[in-house]
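Accompanying notes for the structure given below.
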Amino acid sequence: MFYIRRMENKAAELYRARLINGFCHLYSGQEAVAVGLKAAMKENDTIITAYRCHAFAKMFGYTPRQIIAELMGRKTGASEGKGGSMHMYATNFYGGEGIVGGQVPLGAGIGFAHKYNGNGAVSFALYGDGAASQGQIFESYNMSQLWSLPVIFVCENNKYGMGTAIHRHSANDKFYTRGDLIPGIQVNGMKVEEVREAVKFAREYAVSNGPMLMEMQTYRYYGHSMSDPGTSYRTREEVKTMKDQSDAIKHFTTLCEEKGLLSKEEIEEMRKKIFKDVDQQVEEAKKDEWPDKSAICSHLYVNRLEETRGMVPWHKV
């Protein structure tokens with residue numbers, strides 16, 4: 001959680017300095033969901049999520065340097081600088097989807113593949129409260145329940161869909177109840193240990209019985225994206241109160257101290273070490289090279305373009 005928090009806060013600095021362009025959706029505040037979920041996954045389980053995906057890229061093995069380099073469009077990035085904020089992928093991590101809710105039917109399809117192959121894996125399909133009323137999500141619920149697919153639909157309810165509070169866009173804002181015949185549970189997404197235990201339970205259910213819904217109640221500290229100041233539809237006092245009273249990192253570090261797992265000094269040493277590491281990696285990423293222009297035509301097909309089409313329309317590049 002320290003790594004994610006520092007990485008995302010540095011990304012905000014880089015965006016303001018115009019070293020990151022385009023879309024940039026940050027995860028600060030929601031760290032416990034990604035960390036708790038990953039802690040409960042089995043080796044061959046899979047995740048697909050929405051465009052707020054940097055934390056999951058970190059959880060699936062990318063370094064802050066690779067993630068920041070991708071945000072800045074450098075060839076050392078997670079997608080060689082060609083995907084940016086929304087397009088990072090790894091083994092068993094099917095990336096962030098730029099289309100609102102578009103990842104959910106894909107997650108259901110991955111769950112179908114798990115059942116078809118009989119590999120015992122579970123597909124986690126994540127989406128935000130703003131996407132929760134998309135029609136394709138309900139179609140995914142239906143097919144998953146009909147075929148008893150091992151899919152866990154996870155709604156990250158951070159209270160605001162873009163700039164709209166949940167009570168203004170959802171007649172039923174109890175998102176865990178919206179699966180019809182699919183059972184659902186609501187989880188405190190600001191407590192990493194509760195996320196982990198709830199996901200363990202949901203996973204065990206999904207393997208034996210089929211789909212389940214999970215609503216992770218969480219909160220984002222930044223706006224919807226970096227182009228959104230996040231203050232026109234909520235007060236600064238609200239954000240400050242959430243940081244003071246419900247912060248995931250504060251909660252868990254306090255818990256570790258109370259249970260005698262880590263001392264205050266050990267936690268502070270860990271924090272300083274991680275922050276220094278992230279800062280160094282960010283500086284390295286800033287020096288990384290841009291992709292070569294010829295890379296514009298790579299990775300479009302399994303084979304090289306000229307082998308697929310018998311021509312290279314990019315020759316002028």
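When all heavy atoms are compared, the tightest approach of S140 to F153 is O-CZ, 3.8 Å.
The side-chain contact (heavy atoms from CB on, under 4.5 Å) search around N209 returns Y205, not counting sequence neighbours. Remark: R271 engages E268 in a salt bridge (Lys or Arg N to Asp or Glu O under 4.0 Å) (not counting sequence neighbours). Remark: E70 pairs with A78, S79, M88 by the side-chain contact (heavy atoms from CB on, under 4.5 Å) rule, at least two apart or across chains.
Heavy-atom contacts from other residues, nucleotides or ligands closer than 6.0 Å to CG of L261 number more than 12. The environment of E269 atom CD is sparse: at most 12 non-hydrogen atoms of other residues, nucleotides or ligands sit within 6.0 angstrom. Other residues, nucleotides and ligands contribute at most 12 non-hydrogen atoms within 6.0 Å of the CD atom of E204. Heavy-atom neighbours of K250 NZ from other residues, nucleotides or ligands within 6.0 Å: above the threshold of 12.
Checked against a 6.0 Å centroid threshold, the rings of Y51 and F23 do not count as neighbours.
Under the 3.5 Å distance criterion, the side-chain polar atoms of E31 are matched with a main-chain donor or acceptor of G29.
Using a 4.0 Å cut-off between a side-chain N of Lys or Arg and a carboxylate O of Asp or Glu, E289 and K75 qualify as a salt bridge. In this structure, R196 does not pair ionically with E193, as no charged nitrogen and carboxylate oxygen lie closer than 4.0 Å.
Looking only at side-chain heavy atoms (C-beta outward), E283 and Q280 stay at 4.5 Å or farther from each other. H169 places a side-chain heavy atom less than 4.5 Å from the side chain of D129. Taking 4.5 Å as the limit, some side-chain heavy atom of M216 sits within range of a side-chain heavy atom of V187. A 4.5 Å side-chain heavy-atom check between S170 and R178 finds at least one atom pair inside the cut-off. Considering only heavy atoms from C-beta on, Y176 stays 4.5 Å or farther from M214 through its side chain.
Rounding to the nearest 0.5 Å gives a distance of 9.0 Å between CD1 of I267 and CD of E265. Note that CD1 of I137 is 9.5 Å distant from CG of L213, once rounded to the nearest 0.5 Å. Atoms CG and CG, from L71 and N21 in turn, are 11.0 Å apart once rounded to the nearest 0.5 Å.
Under 3.5 Å, the side chains of D277 and Q281 contain a donor-acceptor pair of N or O atoms. Between the side chains of Y219 and E238, at least one donor-acceptor pair of N or O atoms lies under 3.5 Å. In this structure, a donor-acceptor pair under 3.5 Å is present between the side chains of N172 and T177. Side chains of N9 and Y222: a donor-acceptor N/O pair is present below 3.5 angstrom, by distance only.
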Test salt bridge (Lys or Arg N to Asp or Glu O under 4.0 Å) applied to K200 and E197, step by step: CA-CA 5 Å; K200 283 182 180 179; E197 294 307 303; 3.5 Å; yes
Test log, rule salt bridge (Lys or Arg N to Asp or Glu O under 4.0 Å), inputs E237 and K240: CA-CA 5 Å; E237 288 73 23; K240 184 179 185 302; over 6 Å; no
Residue pair K42, R203: steps toward the side-chain contact (heavy atoms from CB on, under 4.5 Å) verdict: CA-CA 9 Å; K42 300 296 183 181; R203 190 193 181 283; 3.1 Å; yes
Candidate pair T164 and Y233, rule side-chain contact (heavy atoms from CB on, under 4.5 Å), full reasoning: CA-CA 7 Å; T164 307; Y233 50 87; over 6 Å; no
R220 and R52: CA distance, side-chain angles, deciding distance, side-chain contact (heavy atoms from CB on, under 4.5 Å) verdict: CA-CA 10 Å; R220 56 172 166 80; R52 205 178 303 278; 3.9 Å; yes
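Grouped with I166 in one hydrophobic cluster are F175, the linkage being side-chain heavy-atom contacts under 4.5 Å among Ile, Leu, Val, Met, Phe, Trp and Tyr residues.
With F60 as the aromatic partner, K38 meets the cation-pi criteria of under 6.0 angstrom to the ring centre and within 45 degrees of the ring axis.
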Report, one line per pair, each donor and acceptor closer than 3.5 Å where one atom sits in a side chain of residues 145-152; sequence neighbours left out.
none

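Residue V35 is tested with Q30, K58, M59 for a side-chain contact (heavy atoms from CB on, under 4.5 Å); the sole match is M59.
The side-chain hydrogen bond (donor to acceptor under 3.5 Å, both in side chains) contacts involving residues 83-102 comprise H54-S85, H87-Y89, where partners must be two or more places apart or lie in separate chains.
Residues I185 and V33 share a hydrophobic cluster, clusters being chains of Ile/Leu/Val/Met/Phe/Trp/Tyr side chains in contact below 4.5 Å.
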